[in-house]
Amino acid sequence: MTTPRPDGGGAAPEPARTRIPLICPRCGHEQQVVPGGPERVVKVVHAGTGREACEAEDLARAPDDGS
C-alpha cells in the first residue's frame, strides 16, 4: 500500500509498523487474533494454547489489579 506524498511527487511506500502484542487482561499472556470468514466469527485466543479461555493456573498467578 502506498500513501500520497505531500509534495505531490507520486506515491511513497508506507512505513513499516511496529508490532504491538495483544495481552490478555485477565492472565497477562500474549494473545492472537484468528481471522473469521463468511461462516466464522473473528476470535481472540491465547498464543500458547489456542484457547479463548485462560488456564486456571495462569489466573492463580495473575497480579491483583486492586479491584
Side-chain angles (χ1 to χ4, degrees):
M1 178 176 226
T2 59
T3 55
R5 291 176 47 180
D7 62 4
E14 190 169 302
R17 295 184 183 189
T18 304
R19 183 176 178 272
I20 299 173
L22 182 61
I23 304 296
C24 177
R26 295 184 68 205
C27 69
H29 286 120
E30 187 172 353
Q31 295 181 307
Q32 64 188 26
V33 176
V34 177
E39 313 244 339
R40 293 187 339 189
V41 296
V42 175
K43 290 185 184 179
V44 177
V45 299
H46 287 80
T49 64
R51 294 174 44 147
E52 290 182 79
C54 299
E55 297 292 324
E57 60 272 3
D58 294 338
L59 290 174
R61 291 185 299 220
D64 185 11
D65 65 0
S67 56

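Only this structure's heavy atoms are used, side chains among them; waters, hydrogens and symmetry mates stay out.
Between atom CD of residue Glu55 and atom CZ of residue Arg26 there is a gap of 11.5 Å, rounded to the nearest 0.5 Å.
Shown here for Arg40 and Val34, the closest heavy-atom pair between the two residues is NH2-CG1, 4.2 Å.
At least one side-chain heavy atom of Val45 sits under 4.5 Å from a side-chain heavy atom of Gln32. With contacts defined as side-chain heavy-atom distances shorter than 4.5 Å, the pair Cys24/His46 qualifies.
Ion pairing between a basic and an acidic side chain is recognised when a charged N comes within 4.0 Å of a carboxylate O; Glu30 and Arg19 show such pairing.
In the hydrophobic clustering of this structure, Leu22 groups with Val42; members are Ile, Leu, Val, Met, Phe, Trp, Tyr whose side-chain heavy atoms approach within less than 4.5 Å, directly or through other members.
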